[in-house]
Number of protein chains: 2
Amino acid sequence: MNEIIIELTKNNIKPSIHRIKILEYLRDNRTHPTVDEIYLNLKEGCPTLSRATVYNTLSLFVQSGIVRPLTIEDREIRYDYNTEDHGHFKCEQCGFLSDFEVNVAQLKYEGLEHHEITNKDVYFRGVCNKCLGNKKS
Amino acid sequence: MNEIIIELTKNNIKPSIHRIKILEYLRDNRTHPTVDEIYLNLKEGCPTLSRATVYNTLSLFVQSGIVRPLTIEDREIRYDYNTEDHGHFKCEQCGFLSDFEVNVAQLKYEGLEHHEITNKDVYFRGVCNKCLGNKKS
DNA sequence: TTATAAAATTAGAATTAATCTAAATTGAAA
DNA sequence: TTTCAATTTAGATTAATTCTAATTTTATAA
């Protein structure tokens, strides 16, 4: 809770109760939640919370780089507490979104000379081991 | 035109006039168009075309792997004629979506043992050289 | 060729994530 | 306390996508 306030303050974000709760939720739930998941879960302990606040707060966090938006889904954005380099795998069968290790930072590329790169994402799609296992039976 | 029919047939897709036109459009316009861009452009030469057909056809193409969906945008999906390995860069300022060279296939990763991977995407975001240049003035 | 069935296409309604708006609330500084 | 800006709110709006049920087209068999 305290580290959350420190992190917000460090990023020039006034630590209102909602902002603290939302960032705390993302830190403690590394399940790449959607806006609605965050909203519905926090609403229980905070009935006045509105969806607009969740949207506002998340875009604030994204701008500051505390949180990263995942656009691997077709329709809705998921949010990830921004830590070390990793990729995201989506199982097309069960829909589960998992992390995997990949060294994005060291990825060699060409053709972006004089571009400012602020964000790198690696998205893989396919079928996860669980779904592949189930298919055999 | 002929190669388009061959490509569709090879993928077990019956080459109807609309399917040919849509795939042809994607082959000849490497601008990562949205559904609406494709729809509006093709509608001129084919007034009975409906959006639903464009949606149906594109998801058919995606399933066959002829075309790849780009989910780098927040809200809408773009489509890319599926050729060799490359990454996608989105300028957050002007919105332009460009290709760049990156060896996605050789990317080393861990944690996806026994997963079937069908698709790999590398998305970078930032500010393009053009927008950076304009800022200086 | 004609009849029949299957596949493809259509227009428009429905859905829904995200944004917008204008009012209400909160919090900090004077 | 008073004042002003920042934050939050509910609900309306927007727009990409999906759904639905009817229509048209295409292929096949008689």
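Letters go in sequence order (proteins before strands), and every chain restarts at 1.
Look at CG on B:Asn56: it is 13 Å from P on D:dT20, rounded to the nearest Å. For the pair B:Ile17 CD1 and D:dT26 P, the interatomic distance rounds to 9 Å; values are reported in whole Å. Atom CG in B:Leu58 sits about 11 Å away from atom P in D:dT18, given to the nearest Å. One can place CG of A:Leu60 at 9 Å from P of D:dT8, the figure rounded to the nearest angstrom. Here the P atom of nucleotide D:dA16 and the CD atom of A:Glu76 are 17 Å apart, to the nearest Å.
Here the side chain of A:Arg68 pairs no donor or acceptor atom with the backbone of A:Asn119 at under 3.5 angstrom. Using modelled atom types, no side-chain atom of B:Arg78 and backbone atom of B:Leu70 make a donor-acceptor pair closer than 3.5 Å. When atom types are taken as modelled, the side chain of A:Lys43 and the backbone of A:Leu49 share a donor-acceptor pair closer than 3.5 angstrom. Between the B:Tyr123 side chain and the B:Thr71 main chain, a donor and an acceptor come within less than 3.5 Å of each other.
Axis deviation across the helix from C:dT1-D:dA30 to C:dA30-D:dT1 amounts to 20°, comparing end segments of five pairs, rounded to 10 degrees.
Nearest-nucleotide mapping onto DNA chain C: of A:Lys14 and A:Asp36, the residue sitting toward the 5' end is A:Asp36. If A:Ala52 and B:Lys43 are placed on DNA chain C by their nearest nucleotide, the residue sitting closer to the 5' end is B:Lys43.
Proximity note for A:Arg19 (side chain, C-beta onward) versus D:dT8, D:dT17, D:dC19: the nearest is D:dT8. You'll find that the side chain of B:Tyr55 is closest to D:dT18, out of D:dT9, D:dT18, D:dT7.
Proximity of B:Ser16 to the phosphate of D:dT26: no side-chain N or O atom is located under 4.0 Å from OP1 or OP2. Not one side-chain nitrogen or oxygen of B:Arg75 sits closer than 4.0 Å to the OP1 or OP2 atom of D:dA15.
Linking ILVMFWY side-chain heavy atoms closer than 4.5 Å, directly or via other members, places B:Val127 and B:Phe100 in two distinct hydrophobic clusters. Residues B:Val104 and B:Leu97 are members of separate hydrophobic clusters, defined by side-chain heavy-atom contacts under 4.5 angstrom among Ile, Leu, Val, Met, Phe, Trp and Tyr.
A salt bridge does not link B:Glu7 with B:Arg27: every distance from a Lys NZ or Arg NE/NH1/NH2 to an Asp or Glu carboxylate oxygen is 4.0 Å or more.
In A:Lys120, the NZ atom is crowded: over 12 heavy atoms of neighbouring residues, nucleotides or ligands sit closer than 6.0 Å.
Of all nucleotides in DNA chain C having an atom under 4.0 Å from a heavy atom of chain B, the first and last in 5' to 3' order are C:dA7 to C:dT19.
Looking at residues two or more places apart in sequence or on another chain, you find a side-chain contact (heavy atoms from CB on, under 4.5 Å) between A:Pro69 and A:Val62, A:Ile77, A:Tyr79. B:Asp36 pairs by the salt bridge (charged side-chain N to carboxylate O under 4.0 Å, His left out) definition with B:Arg51, not counting sequence neighbours. In this structure, the side-chain contact (heavy atoms from CB on, under 4.5 Å) partners of B:Ser64, at least two apart in sequence or on a different chain, are B:Asn11, B:Ile13, B:Ile66.
To the nearest 0.5 Å, atoms OH (A:Tyr55) and OG (A:Ser50) are separated by 11.0 Å.
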Could you list all N or O pairs between the protein and nucleotides 21-25 of chain D that sit under 3.5 Å apart?
none

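Residue contacts shown for A:Thr34 are absent, as no nucleic acid heavy atom lies under 4.0 Å away.
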